[in-house]
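In what follows, a single structure is set out as structure tokens and then discussed.
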Amino acid sequence: MPMIAVTPSWDNNTRRMVVNHDYINAVTDAGGIPAVIPPIGDAERLRAALDRCDGLLLTGGDDVNPACYGEEKLPCCGELTPERDFAEPVLIRRAMERGIPILGICRGMQILNATLGGTRYQDIALQFSNALKHPCYDIPADDAHTMRLLPDTLLRRVMGTDQCMVNSRHHQAVKKLAPGLRASAQAPDGLIEGMEAADGRPILCVQWHPESIQRRLPEHLRLFRWLVTEAGK
Ligand code: MN
């Protein structure tokens with residue numbers, strides 16, 4: 001059974017790791033074993049921990065430090081987690097070296113894009129004109145807006161549809177894609193909410209939270225099935 005490395009959130013006030021159990025359920029529902037790798041400050045140990053795993057799941061959380069993509073932090077940028085900003089790029093580079101699959105969700109999409117040289121809007125409402133309301137944190141049904149999955153993408157193939165309903169719990173989004181990545185999903189206002197490797201490497205990222213809706217909307221479970229299946233190869 002493939003073992004999937006899961007990155008936790010880190011609360012510096014209480015010095016605790018936190019992982020939403022939806023991520024754990026989604027990995028187990030898809031047939032994998034979740035293994036949480038703490039954001040330790042030692043790159044060698046991080047790489048050694050990842051080497052015992054077969055795939056990488058980058059979870060949501062606080063904003064990525066704009067310094068990671070060469071920008072000043074604006075007042076509209078949210079809380080940062082320096083521990084994750086250090087650990088996750090180490091894990092991403094190692095996963096890519098080994099060719100094991102990466103599924104990046106929300107912050108996971110942003111840190112992967114930043115690690116490979118992309119940038120992002122520090123706040124959509126302030127920096128992207130005519131944006132939909134993307135920070136929707138308290139909608140009971142969790143359905144926020146539709147998503148168009150772009151033609152000839154791995155994402156569309158994996159989800160088996162060209163459109164789906166998604167939740168939206170983000171106030172940031174990709175501005176410039178990193179070299180080697182291409183857009184795979186677009187919100188009705190034009191924002192990029194999905195990206196993948198342009199050269200066929202096993203990298204899928206989405207801005208929404210499939211882990212929260214995969215038991216109700218099975219096309220979202222397919223993302224985790226893809227991760228576990230690729231990890232088993
Ligand atoms: Mn959105």
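Just so you know, ligand 1 is whichever comes first in the structure, and atom 1 is the first atom listed for that ligand.
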Can you name the N, O or S atom of His134 that is closest to the Mn ion (ligand 1)? ND1
To the Mn ion (ligand 1), the closest N, O or S atom belonging to Glu193 is OE2
Are the side chain of Asp54 and the backbone of Met3 linked by a donor-acceptor contact shorter than 3.5 Å? yes
Can you tell me if Asp189 uses its side chain to pair, donor with acceptor, with the backbone of Leu132 under 3.5 Å? yes
Before accepting this row, confirm whether a basic side-chain N of the pair Arg225/Asp29 lies closer than 4.0 Å to the acidic partner's carboxylate O. no
Show your reasoning for whether side chain to side chain contact (heavy atoms under 4.5 Å, CB included) applies to Leu50 and Ile100. CA-CA 10 Å; Leu50 188 69; Ile100 63 173; 4.3 Å; yes
Is the distance from the Mn ion (ligand 1) to some N, O or S atom of Ser168 under 2.8 Å? yes
Any N/O/S atom from His145 (main chain or side chain) under 2.8 Å of the Mn ion (ligand 1)? yes
